[in-house]
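Report on the following structure.
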Amino acid sequence: MRVEIWTDIACPWCYIGKARFERALAAFDHRDDVEVVHRSFELNPKAENGTTPIIDAVAAQYGRTRGQQVAREEYAASEAHAEGLGFKVGARVHGNTFDVHRLLHFAKARGLQVELMDLAFRVNFADERSIYDRATLVSLAVKVGLDEAEVRQVLADAEAYAEEVRADERQAAELGAGGVPFFVLDRQYGVSGLQSIELFSQALEQAWQNRPAPRH
């Protein structure tokens, strides 16, 4: 069975949702027969890198007051902490995640995508270092075992792994995903948004019971 997960590193619900899904999968009897595929999604493809605090940027993007956005951040922090994840409220900056996604596809080609994704999530939400800074991206990639020269080459070439990112986003659009996290099980069942571990467990069981018969 295949589970595809569309994610943006800037999305707190993706950070928390990934942890919850992994807990559900770890308890799933057929977990060794589940292939997990991580796919790219940009919540704000027109975002520019800068120093705008995340609370101000997202409040403006969605038409919320600053107080409303602070409340959402505090809620996200409480949900993250409940899963044992680090989360600091409000000090990270807003930016464009396209380079992060390109680098994640490169990491996938080297068998280190999940390691880089987990580190990028942690740095963004728990450490609040900017994942939009090239030097930081290089250091994260090297830390998980990627070759520094290759990483710099990928980041320097704006088209390197760009089509892989765009292909993921086209598939998300075709499936009707308007946001993330977005989980698709065997292209039959969809789970969107921040959900409970119990719901993920139910979705895995249902998808397994109704998976297509193997071809001979």
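For clarity, every value in this text was computed on a predicted model and none was experimentally measured.
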Can you confirm whether the side chains of N210 and Y189 place a donor and an acceptor under 3.5 Å from each other?
yes

Side-chain donor/acceptor pairs under 3.5 Å, residues 144-160, sequence neighbours excluded:
from	atom 1	to	atom 2	distance (Å)
D147	OD2	A149	N	3.2
D147	OD2	E150	N	2.9
E148	OE2	R152	NE	3.0
E148	OE2	R152	NH2	3.0
E150	OE1	R110	NE	3.4
E150	OE2	R110	NH2	3.3
D157	OD1	E159	N	3.1
E159	OE1	R166	NH1	3.2

Tell me, please, which residues at least two apart from [X] pass salt bridge (charged side-chain N to carboxylate O under 4.0 Å, His left out).
X    : answer
R129 : none
E42  : none
R211 : none
E35  : R2

Starting from F98 and following side-chain heavy-atom contacts under 4.5 Å between hydrophobic residues (I, L, V, M, F, W, Y), which residues can be reached?
V165

Answer whether the closest heavy-atom distance between the side chains of [X] and [Y] falls below 4.5 Å.
X    : Y    : value
I54  : V93  : no
V100 : D8   : no
Y15  : L85  : yes
L119 : K143 : yes
K108 : V114 : no
L104 : H38  : no
L116 : F106 : no

Qualifying residues under ring pair (Phe, Tyr, Trp, His ring centres under 6.0 Å), relative to F200, sequence neighbours excluded:
F21, F183

Less than 4.0 Å between a side-chain N and a carboxylate O, is that true for D127 and K88?
no

Set of side chain to side chain donor-acceptor pair (under 3.5 Å) partners for [X], sequence neighbours left out:
X   : value
Y75 : none
N96 : none
D56 : R66

Which pairs with one or both residues in residues 76-86 pass side-chain hydrogen bond (donor to acceptor under 3.5 Å, both in side chains), sequence neighbours excluded?
R20-E79, R20-E83, R23-E83

Quick note, side-chain hydrogen bond (donor to acceptor under 3.5 Å, both in side chains) partners involving residues 168-177, not counting sequence neighbours, are R39-D168, H105-D168, E163-R170, Q171-R187

When hydrophobic residues are tied together by side-chain contacts of less than 4.5 Å, even through go-betweens, does W6 share a cluster with L185?
no

CD1 of I16 to CZ of F87, rounded to nearest 0.5 Å, is 6.5 Å

